[in-house]
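In what follows, residues are counted from 1 in the order of the sequence shown. None of these values were measured; they are calculated from a predicted model.
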Amino acid sequence: MEFVEIKVNCTPEFGDILQAELAEAGFSSFLDNEKGFDGWAEVDAYEAEATKEVMARYAAMTELSYEVVEVEKQNWNEEWEKNYEPIFIGDQVAIHADFHQLEKDFPYKIAINPKMSFGTGHHQTTRLMIQNMLNIDHQQKRVLDAGTGTGILAIMAQLLGAAEVESYDIDEWCVENSKENYALNNMEIPVHQGTIAEMNFEKPFDILIANINRNVLVHEMKDYVANMVAGGHLLLSGFYEEDIAIIEEVTAPLGLEKQSFIKEGDWVSVHFILK
């Protein structure tokens, strides 16, 4: 047994908030379904008591049920292929599996086989990050994808013309999965395992992108700034509109100035520039 799987039956309006809460209990991948969603956590990251607390708290607010089971990591691909449909972001970006046949051409096409990693384009935060990236000039820029997951945002950065792209993730499975996805898209992008504090990059970055949960973003913000050039762009997601004020309490003293944000549902992606 290498992964813990949670199967949650809930109403659609509680799906996103439950996933955000469960991310704090060690769950890193989610897949929506007709009854609610499934989530997966590595055994070492899974926090059983925190999971019980979250589910008990929301059970007082809405009708829901759940079960936690043990799964092998190879089960993921089969389940994912049953449910995965291509994602289209306007008429600009198509995110698809290698077994999908697209009916029309798109300026940017990303092939993703996510396995147990976060970032398929199905979650609002991934789509928001890509939309924000489309609004920034990546030509000849150095880009860092913090917490890369499937590698989807690093791939997008290279498609947008970045001269150099690097990525990292704390999760070994994500590192291996991103390598596979880089190869699937005929790209060579360095990916490192660890936290940003453990990284030793040769040069700072013009653009840093981080789609992680709010607590991690707050904790790592100083390290993001330490790895950015003056005038560099910081794109963040993984939190709600109501959390922007909390993020700004950390970013403002570090010289990060909020430019704009976009939202989908309650989720947001915010664009900062380092002054």
Side-chain angles (χ1 to χ4, degrees), residues 86-98 100 102 104-114 117-169 174 177-192 196 199 201-212 217 224 227-238 256 258-264 267-274:
I87 296 295
F88 306 110
I89 299 175
D91 58 359
Q92 293 290 300
V93 183
I95 304 164
H96 63 97
D98 56 356
H100 286 137
L102 299 178
K104 68 173 187 175
D105 200 15
F106 287 79
Y108 307 105
K109 292 180 286 188
I110 302 174
I112 292 291
N113 288 332
S117 305
F118 178 80
T120 64
H122 283 83
H123 197 270
Q124 293 96 318
T125 59
T126 307
R127 297 195 295 271
L128 288 168
M129 287 292 283
I130 290 176
Q131 290 174 40
N132 248 339
M133 292 174 72
L134 287 166
N135 294 324
I136 294 176
D137 180 12
H138 285 64
Q139 290 292 321
Q140 300 307 304
K141 298 295 195 298
R142 240 174 90 75
V143 180
L144 175 62
D145 182 8
T148 194
T150 61
I152 187 171
L153 300 181
I155 294 168
M156 188 70 213
Q158 191 156 113
L159 289 175
L160 288 169
E164 299 177 67
V165 182
E166 293 200 49
S167 59
Y168 74 87
D169 203 289
C174 291
N177 186 208
S178 61
K179 288 179 181 178
E180 294 174 9
N181 287 323
Y182 297 154
L184 188 61
N185 289 272
N186 300 309
M187 295 179 178
E188 293 184 6
I189 298 175
V191 57
H192 316 279
I196 192 168
M199 299 294 115
F201 300 111
E202 291 185 4
K203 296 184 295 183
F205 296 88
D206 302 291
I207 301 171
L208 194 152
I209 49 184
N211 182 17
I212 316 176
L217 294 174
Y224 299 158
N227 285 280
M228 293 175 61
V229 301
H233 301 269
L234 176 66
L235 296 180
L236 302 178
S237 194
L256 288 161
K258 185 179 73 176
Q259 303 299 297
S260 61
F261 73 92
I262 55 177
K263 61 180 294 186
E264 183 178 338
W267 298 96
V268 295
S269 175
V270 187
H271 174 203
F272 294 89
I273 289 182
L274 180 62

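- Counting heavy atoms from C-beta outward, Arg127 and Trp267 have side chains that stay 4.5 Å or more apart.
- Using a 4.5 Å heavy-atom cutoff, the side chains of Leu134 and Tyr108 are in contact.
- Considering only heavy atoms from C-beta on, Val191 stays 4.5 Å or farther from Asp169 through its side chain.
- For Ser237 (side chain) and Val270 (main-chain N/O), no donor-acceptor pair under 3.5 Å exists by modelled atom type.
- With rounding to the nearest 0.5 Å, the separation of OG1 in Thr126 from CG in Leu153 is 6.5 Å.
- The CD atom of Gln92 sits 9.5 Å away from atom CG of Leu160, with the distance rounded to the nearest 0.5 Å.
- Looking at Asn211, Val268, Ile130 one by one, the single match for side chain to side chain contact (heavy atoms under 4.5 Å, CB included) with Thr125 turns out to be Asn211.
- Contact annotation: the side chain of Phe272 never approaches that of Tyr224 to less than 4.5 Å [non-hydrogen atoms, C-beta and beyond].
- Checked by atom type and distance alone, the side chain of Ser269 pairs as donor or acceptor with a backbone atom of Leu236 at under 3.5 Å.
- Of all heavy-atom pairs between Gln139 and Asp137, the closest is N-OD1, 2.9 Å.
- Pairing each heavy atom of Tyr182 with each of Ala154, the nearest pair is OH-CB, 3.5 Å.
- For the atom pair CD1 of Ile262 and CD of Gln124, the computed distance is 12.0 Å after rounding to the nearest 0.5 Å.
- To the nearest 0.5 Å, atom CG of residue Asn135 and atom NE2 of residue His233 are 11.0 Å apart.
- In summary, the side chains of Thr150 and Asn181 do not present any donor paired with an acceptor at a separation below 3.5 Å, with no hydrogens or angles considered.
- Contact record, Glu264 with Gln131: OE1-NE2, 4.4 Å, taken as the closest heavy-atom pair.
- The residue from Arg142, Gln140, Lys141 that alone fulfils the side-chain hydrogen bond (donor to acceptor under 3.5 Å, both in side chains) condition with Glu164 is Arg142.
- Looking only at distances, a side-chain donor or acceptor of Asn177 sits under 3.5 Å from a matching main-chain atom of Asn113.
- Counting heavy atoms from C-beta on, the side chains of Ile196 and Leu144 come closer than 4.5 Å.
- Annotation: the span from Met228 atom CE to Leu256 atom CG amounts to 5.5 Å, rounded to 0.5 Å.
- If you take CE on Met129 and NE2 on His123, they are separated by 13.0 Å, rounding to the nearest 0.5 Å.
- Contact of the His96 side chain with the Ile112 side chain is not registered, since no non-hydrogen atoms from C-beta on lie closer than 4.5 Å.
- Heavy atoms only, all atoms of each residue included: Ala146 and Ile212 are closest at O-CD1, 3.7 Å.
- Side-chain contact between Leu208 and Leu274: absent, with no pair of heavy atoms (C-beta onward) separated by less than 4.5 Å.
- No side-chain donor-acceptor contact under 3.5 Å links Glu166 to the backbone of Val143.
- Between Phe106 and Val93, every side-chain heavy-atom pair lies at or beyond the 4.5 Å cut-off.
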